[in-house]
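All values below were derived from every heavy atom in this structure, side-chain atoms included, with hydrogens, water molecules and symmetry-related copies excluded.
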2 protein chains.
Amino acid sequence: MSETPTDRFIETLGLIYQSEGAPRIAGMILALLLMSDRPMSLAEIAGRLGISKASASTNTRLLERRGMASKTRGGGRQDFWEADPDPQSRVLPALAERFREHARAVQGVARTFPPEEEAKRAKIARFAAFYDDSAEFLDAWSARLTAMADPSPETN
Amino acid sequence: MSETPTDRFIETLGLIYQSEGAPRIAGMILALLLMSDRPMSLAEIAGRLGISKASASTNTRLLERRGMASKTRGGGRQDFWEADPDPQSRVLPALAERFREHARAVQGVARTFPPEEEAKRAKIARFAAFYDDSAEFLDAWSARLTAMADPSPETN
DNA sequence: GTTTCCGTTCAATTTGGATTGAACGTGACG
DNA sequence: CGTCACGTTCAATCCAAATTGAACGGAAAC
């Protein structure tokens with residue numbers, strides 16, 4: 001009755017997700033789907049992980065929004081979920097998106113500074129620029145990673 | 001009695017920190033110190049932000065560990081805190097460090113897979129490699145940013 | 001040497017977000 | 001149609017982490 005390697009992966013990815021401020025269960029589901037050789041229904045996922053189907057539903061759809069998992073309607077009325085082939089490739093774009101939101105928020109604040117406080121405004125603006133530049137950079141790097149892993153888009 | 005631009009910055013950076021899974025108060029303190037023209041004592045910080053001095057202590061030291069703020073012992077027995085000149089430059093290295101931890105954790109799991117499950121192990125190993133490569137890249141990019149902002153290390 | 005004023009620590013409390021149970025909506029099967 | 005088997009929703013609950021209050025330790029001031 002000892003813990004299998006797959007169990008360990010599920011647990012580990014759950015902890016990673018948690019430490020990144022995402023729902024632990026989303027990480028667990030992603031790990032489970034990655035290790036599964038066939039698509040799984042919500043009920044299977046919930047049963048295997050010992051979680052409620054409410055959680056399974058919420059978190060599979062979270063993964064879907066991030067482009068890390070997708071569902072296929074089975075013959076009956078079940079949805080079957082599977083991990084996308086390269087879920088890692090979505091990590092950095094998701095981060096970039098968050099950074100862009102931060103940049104927008106900070107830029108909004110910078111605009112509220114009156115002319116007398118130009119120095120402070122500039123300091124804040126640099127903060128915003130950092131977030132924006134980093135977002136752009138993360139996207140670029142991510143695209144390069146993708147291109148290396150999958151050199152198909154050679155439409156020369 | 002309306003909210004000043006500085007207040008808005010404090011609030012915004014607090015929310016950003018919170019959304020990144022860090023203590024909201026750490027973000028608020030960083031924003032306050034950035035906007036302050038002089039170093040501030042713990043008591044001042046706590047008073048200005050309306051928080052306990054326990055929190056002020058804990059979170060200033062968190063910022064210190066991240067290299068975003070530093071204290072100077074004042075003449076008396078107070079510590080005076082100020083934001084480091086370029087706190088943004090610490091964001092990506094901190095992220096890189098987290099990614100490296102993730103990589104280590106995932107590699108550890110990969111090692112527990114038996115030979116029969118080589119395919120699964122390889123999938124996980126790629127996950128780990130992603131975290132490790134990204135960490136390395138984040139550090140490199142961050143160093144470049146720093147070099148551009150501060151081109152002093154030209155020991156030619 | 002004593003008092004005072006700091007910052008730190010830590011157990012207790014609070015808070016925000018994740019998770020759940022139960023009710024609901026919907027499309028399939030008879 | 002009516003029933004059933006699913007996925008979704010949402011208010012209630014739970015939980016981990018942030019925050020606090022109070023007690024503490026130690027360096028400065030006297």
Short side-chain N/O contact from [X] to OP1 or OP2 of [N], under 4.0 Å:
X	N	value
A:R73	D:dG7	no
A:K71	D:dT8	yes
B:S52	D:dT19	no
B:R61	C:dT8	yes
A:S55	C:dT20	yes

Open item on the list: Could you tell me if A:T4 and A:D7 have a donor-acceptor pair between their side chains, going purely by distance under 3.5 Å?
Closed with: yes

Open item on the list: Any donor-acceptor pair under 3.5 Å linking the side-chain atoms of B:S41 with those of B:D79?
Closed with: no

Heavy atoms from C-beta onward define the side chain here; which of [options] lies closest to that of [X]?
X	options	answer
A:K53	D:dA5, C:dT19, C:dA23	C:dA23
B:Q78	C:dT19, C:dG27, C:dG7	C:dG7
A:R77	C:dT9, C:dC29, D:dA27	C:dC29
B:Q18	C:dG27, C:dG17, D:dT20	C:dG17
A:P23	C:dT19, C:dG7, D:dA18	C:dT19
A:A54	D:dT20, C:dG21, D:dT19	C:dG21
A:D79	C:dG7, D:dT9, D:dG7	D:dG7

Atom-to-atom span, [atom1] of [X] to [atom2] of [N] - whole angstrom:
X	N	atom1	atom2	answer
B:L49	D:dA18	CG	C1'	15 Å
B:I16	C:dG16	CD1	P	18 Å
A:I25	D:dC15	CD1	P	12 Å
B:Y17	C:dG17	OH	P	18 Å
B:E20	C:dG17	CD	C1'	16 Å
B:L62	D:dA17	CG	C1'	13 Å
A:L15	C:dA18	CG	P	15 Å
A:E44	D:dG7	CD	C1'	15 Å

TODO: Compare all side-chain heavy atoms of A:E20 with those of B:H102 and state whether any distance is below 4.5 angstrom.
DONE: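 Yes; the side chains approach each other to less than 4.5 Å.
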
- [ ] Map B:L42 and A:N59 onto DNA chain C by nearest heavy atom, then report which one ends up closer to the 5' terminus.
- [x] B:L42

- [ ] May I ask you to check whether A:F137 and B:F137 place their ring centers less than 6.0 Å from one another?
- [x]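 Distance test on ring centres: under 6.0 Å, yes.
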
Task: Check: D:dT19 base within 3.5 Å donor-acceptor of B:R24 side chain - done: no

Open item on the list: Working to the nearest 0.5 angstrom, can you tell me the gap between B:R90 CZ and B:R66 CZ?
Closed with: 10.5 Å

Task: Rounded distance (nearest 0.5 Å) linking atom CE of B:M28 with atom CD1 of B:I10 - done: 6.5 Å

